[in-house]
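Below is one structure, written out as structure tokens; the observations come after it.
Just so we're on the same page: letters track the sequence lines, and every chain starts at 1.
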Protein chains: 2
Amino acid sequence: MRIAVIGSGSVGCLYGARLALAGHDVHFLMRRDLEAVRRDGLTVRSCDGDFHLAARVYGCPEEIGPADLVICALKTTALDAARALISPCVGPKTDVLALMNGLGVEDQFADWFPPEQVFGGMAFVCINRGEPGVVHHYGYGRVVIGHQRDDAARARQIAGLFTAAGFDATVAPSLLRARWEKLAWNIPFSTLAVSAGAVTTGQIMEDDGLRDLARALMVETIAGGNAELAEGDRIDTGSLVEKMFANTATMGDYRPSMLIDYVNKLPLEVESILGEPVRRAIAHGVAVPNMAMQYRLVRFLDRLNRGLVRLEE
Amino acid sequence: MRIAVIGSGSVGCLYGARLALAGHDVHFLMRRDLEAVRRDGLTVRSCDGDFHLAARVYGCPEEIGPADLVICALKTTALDAARALISPCVGPKTDVLALMNGLGVEDQFADWFPPEQVFGGMAFVCINRGEPGVVHHYGYGRVVIGHQRDDAARARQIAGLFTAAGFDATVAPSLLRARWEKLAWNIPFSTLAVSAGAVTTGQIMEDDGLRDLARALMVETIAGGNAELAEGDRIDTGSLVEKMFANTATMGDYRPSMLIDYVNKLPLEVESILGEPVRRAIAHGVAVPNMAMQYRLVRFLDRLNRGLVRLEE
């Protein structure tokens with residue numbers, strides 16, 4: 001299968017490289033590490049075993065051209081640019097998988113491309129970029145794949161590619177529910193990691209007040225999601241909260257990607273991870289005071305961190 | 001009048017020094033700047049005119065002994081030590097004025113000393129310490145004085161001392177109301193200045209999200225206060241919010257004392273300014289989600305800032 005990876009950060013590189021090892025013809029659109037990978041190839045230092053790939057990398061999507069599958073792994077902060085980057089790789093039968101964070105991404109894609117060809121993917125993976133051309137994969141790797149119209153058979157085809165590449169891959173019966181379930185972790189832990197002063201999930205879990213706050217944010221997120229999910233798709237709050245806190249307790253000092261971006265003074269995915277969920281919850285009449293406050297704080301901290309706030313005189 | 005100033009930071013020094021210039025016999029309990037002031041005296045660089053005072057300074061309260069009036073200007077983070085520092089200066093007729101921030105201080109004093117001799121004072125003043133022995137007074141200086149039992153005649157006697165020393169001084173008919181009114185500014189602006197990434201009131205006012213958050217915090221604070229104020233003492237929310245936002249708009253890039261403490265890695269007055277108000281509001285059944293979240297964030301940031309949070313591994 002001819003696959004184009006649009007946005008080859010750590011997530012795009014890991015999944016794309018493993019799909020290439022599994023025999024697919026994978027083409028990476030790359031910016032930061034383009035020259036390094038062109039010269040030295042792509043190195044993945046992975047908890048599942050290190051490997052090296054003479055990856056086919058490109059600086060513009062027109063050089064890649066139409067593919068059978070586009071995997072878009074851009075950050076949602078680059079969503080405005082996504083259409084122009086993806087379109088040259090999309091033909092009449094191309095499937096487009098948004099392997100991205102947050103809410104509203106596939107809806108946007110479904111405005112640009114035929115909705116039955118749009119998929120959403122959630123990567124549960126601990127991963128960072130290293131020196132140019134190197135990706136560090138610390139743990140996990142599971143993907144959850146959903147179809148924009150919740151066509152399970154179609155989602156299963158995409159998930160099957162990841163399974164064949166060695167990943168744990170499951171199909172989400174409801175893509176919207178799966179998005180909210182991932183937010184139920186990201187909103188408390190990724191965004192508190194920033195607003196509590198750049199701390200790890202372990203440091204959050206050890207503080208009674210922050211742990212209570214994480215729980216309140218998680219409960220609000222689930223309430224927001226349930227307000228727009230069909231009755232049969234609704235999330236059971238108690239069991240998801242329990243499961244996520246139990247998982248997080250095993251993560252140790254994990255640094256969510258939002259924290260890593262913050263430390264590196266890169267734009268945060270504030271709108272897709274906080275802004276859009278807050279707006280949808282409020283539109284459904286759900287009270288989300290902690291999420292709304294967190295949204296305002298993190299949106300400001302992101303701007304302050306990148307020098308976009310006027311300095312004091 | 002024989003006056004003991006217990007806790008001679010910038011506030012204690014400014015008011016004590018002006019009372020001394022007005023002819024009172026003022027004795028300062030001092031720690032950080034003791035040697036410098038003993039050697040060089042106390043210098044106040046003030047917007048109302050600079051002055052110098054050969055201040056009588058002491059390292060322990062026993063050297064001061066009983067006074068007619070004790071002005072306690074300790075930070076509330078030192079409240080545990082206050083009784084032992086004040087008591088040596090208290091005789092049977094000594095008045096004790098808590099010129100301190102936050103809620104619950106006079107109640108604590110009224111457990112230690114006769115309640116009819118306990119007063120609370122709120123200083124509305126822009127002030128900082130400078131080099132040892134120097135205080136910088138940038139603006140304002142108004143004090144509001146209340147009596148623990150709301151005896152207006154008694155409060156007027158204390159307020160009169162400040163008036164005679166050249167300050168704008170008024171009597172609070174309800175000390176509790178006056179405390180909540182001051183919190184209605186401190187909770188939004190002092191605590192957001194910390195949690196929004198160490199920013200000034202001007203930077204808060206210029207960001208739509210933070211300004212909305214400040215307003216929400218102010219409204220919650222007033223609701224918390226009104227729940228425990230007698231009917232005739234209740235605060236009119238709309239007019240206080242309007243007045244405080246108008247005042248804050250004139251302050252420019254003001255750095256609240258909580259922010260200055262934070263930048264200097266000193267303990268923040270989290271409990272008296274956030275914790276106690278949150279606990280009282282909740283006890284009265286008032287929903288204060290923004291205040292409660294702010295309390296948890298700022299309490300953690302204070303500990304993180306002072307190296308009291310376990311480092312990541």
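Remark: B:Asn186 CG to B:Asn101 CG distance equals 5.0 Å, nearest 0.5 Å.
By number of non-hydrogen pairs under 4.5 angstrom with chain A, the leading residue of B:Pro289, B:Ser195, B:Gly197, B:Ala196 is B:Ala196. For the options B:Leu217, B:Leu311, B:Leu192, B:Leu297, heavy-atom pairs under 4.5 Å to chain A are most numerous at B:Leu297. With respect to chain A, the highest number of heavy-atom pairs below 4.5 Å among B:Asp208, B:Val309, B:Asp212 belongs to B:Asp212.
Contacts between A:Val199 and chain B at a heavy-atom distance below 4.5 Å involve the side chain alone, from C-beta outward. Contacts of A:Thr200 with chain B are made by side-chain atoms alone, with heavy-atom separations under 4.5 Å and no backbone atom involved. Both the backbone and the side chain of A:Asn290 have a heavy atom closer than 4.5 Å to some heavy atom of chain B. Within the 4.5 angstrom heavy-atom criterion, only side-chain atoms of A:Arg299, from C-beta onward, approach chain B. Residue contact with chain B, scored on non-hydrogen atoms closer than 4.5 Å, involves the backbone and the side chain of A:Gln294 alike.
Residues passing the salt bridge (Lys or Arg N to Asp or Glu O under 4.0 Å) test with B:Glu228 are B:Arg280, sequence neighbours excluded.
Salt bridge B:Arg310/A:Asp253: present, at least one basic N to carboxylate O contact under 4.0 Å.
Residue B:Glu242 qualifies as open at atom CD: its count of foreign heavy atoms under 6.0 Å is 12 or below.
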(request) Under the side-chain contact (heavy atoms from CB on, under 4.5 Å) rule, what do A:Leu301 and A:Asn305 come out as? Steps first, then yes or no, please. (result) CA-CA 6 Å; A:Leu301 288 167; A:Asn305 189 46; 5.8 Å; no
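Taking the six-membered ring for Trp and the full ring otherwise, the centers of A:Phe245 and A:Phe189 sit less than 6.0 Å from each other.
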